[in-house]
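Have a look at the structure below, then the notes.
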Amino acid sequence: EQRIRARKPLTGMCNFQGPAGSSSRGTYCIRCLVWRPPDTWEQQSHHCRVCARCVVGFDHHCGVFGRCIVRANMPCFTFLISLLVTGMVTSFLALVFRTSSEVLASHQTE
């Protein structure tokens, strides 16, 4: 805590382990000064350098949405990405059909 208040670098420091067998205190994050839940095979805590906070189930930090993508919001993220792909395919097909119908119309008037 003294290093953080003095704005000294945290290099060489690591998170503190919580009490053995605790169900709520796994490690103490030295960067954001919070207790993180214990890591299991289902969930792991991670400190995001961009957000400067600890999150559970971290996948990546999304620069487009400006937030961490974690297990809890992954269905929403996947849905938004699928909407993007669907919109691009729909736009492409609309452009192809419009161009083909204009070509057919120009051949009929000749």
Side-chain angles (χ1 to χ4, degrees):
E1 184 178 347
Q2 294 169 354
R3 277 181 140 178
I4 293 172
R5 290 181 190 223
R7 298 188 185 258
K8 292 182 180 177
L10 299 175
T11 53
M13 292 186 71
C14 58
N15 295 334
F16 300 104
Q17 289 296 324
S22 175
S23 62
S24 62
R25 294 186 177 187
T27 55
Y28 185 76
C29 181
I30 61 167
R31 291 171 189 84
C32 56
L33 307 176
V34 297
W35 281 102
R36 304 189 304 189
D39 289 342
T40 63
W41 68 273
E42 295 175 326
Q43 66 179 16
Q44 292 183 336
S45 300
H46 179 78
H47 184 85
C48 178
R49 285 183 249 169
V50 179
C51 292
R53 66 187 186 118
C54 285
V55 291
V56 176
F58 183 81
D59 186 65
H60 69 281
H61 183 87
C62 183
V64 174
F65 297 119
R67 67 180 334 155
C68 291
I69 304 302
V70 297
R71 180 170 286 143
N73 64 7
M74 185 62 79
C76 295
F77 178 74
T78 306
F79 180 69
L80 285 172
I81 297 301
S82 66
L83 283 178
L84 173 70
V85 172
T86 303
M88 291 171 64
V89 169
T90 303
S91 297
F92 176 74
L93 291 175
L95 182 65
V96 167
F97 286 125
R98 179 177 180 212
T99 305
S100 63
S101 65
E102 287 175 356
V103 169
L104 286 173
S106 67
H107 285 301
Q108 290 175 353
T109 56
E110 291 178 0

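Here the SG-OH distance, from C54 to Y28, works out to 10.0 Å after rounding to the nearest 0.5 Å.
Under a hydrophobic-cluster definition in which Ile, Leu, Val, Met, Phe, Trp and Tyr are linked whenever side-chain heavy atoms come within less than 4.5 Å, directly or via other members, I69 and V55 are assigned to different clusters. In terms of hydrophobic clustering, with Ile, Leu, Val, Met, Phe, Trp and Tyr side chains grouped at heavy-atom distances under 4.5 Å, L84 and F65 are assigned to different clusters. Under a hydrophobic clustering in which Ile, Leu, Val, Met, Phe, Trp and Tyr are joined whenever their side-chain heavy atoms come within less than 4.5 Å, directly or via other members, I81 and M74 fall into the same cluster. Transitive grouping of hydrophobic side chains (ILVMFWY, heavy atoms separated by less than 4.5 Å) brings F97 and V89 into a common cluster. There is a path of hydrophobic side-chain contacts, each under 4.5 Å, that joins I30 to L33.
Between R36 and H47 the shortest side-chain heavy-atom distance falls below 4.5 Å. The shortest side-chain heavy-atom distance between S45 and T27 does not fall under the 4.5 Å cut-off.
Taking all atoms of both residues into account, the shortest heavy-atom contact from H61 to C48 is ND1-SG, 3.6 Å. Minimum heavy-atom separation, N73 to C68: ND2-O, 3.2 Å.
By the ring pair (Phe, Tyr, Trp, His ring centres under 6.0 Å) test, H46 pairs with F58, sequence neighbours left out.
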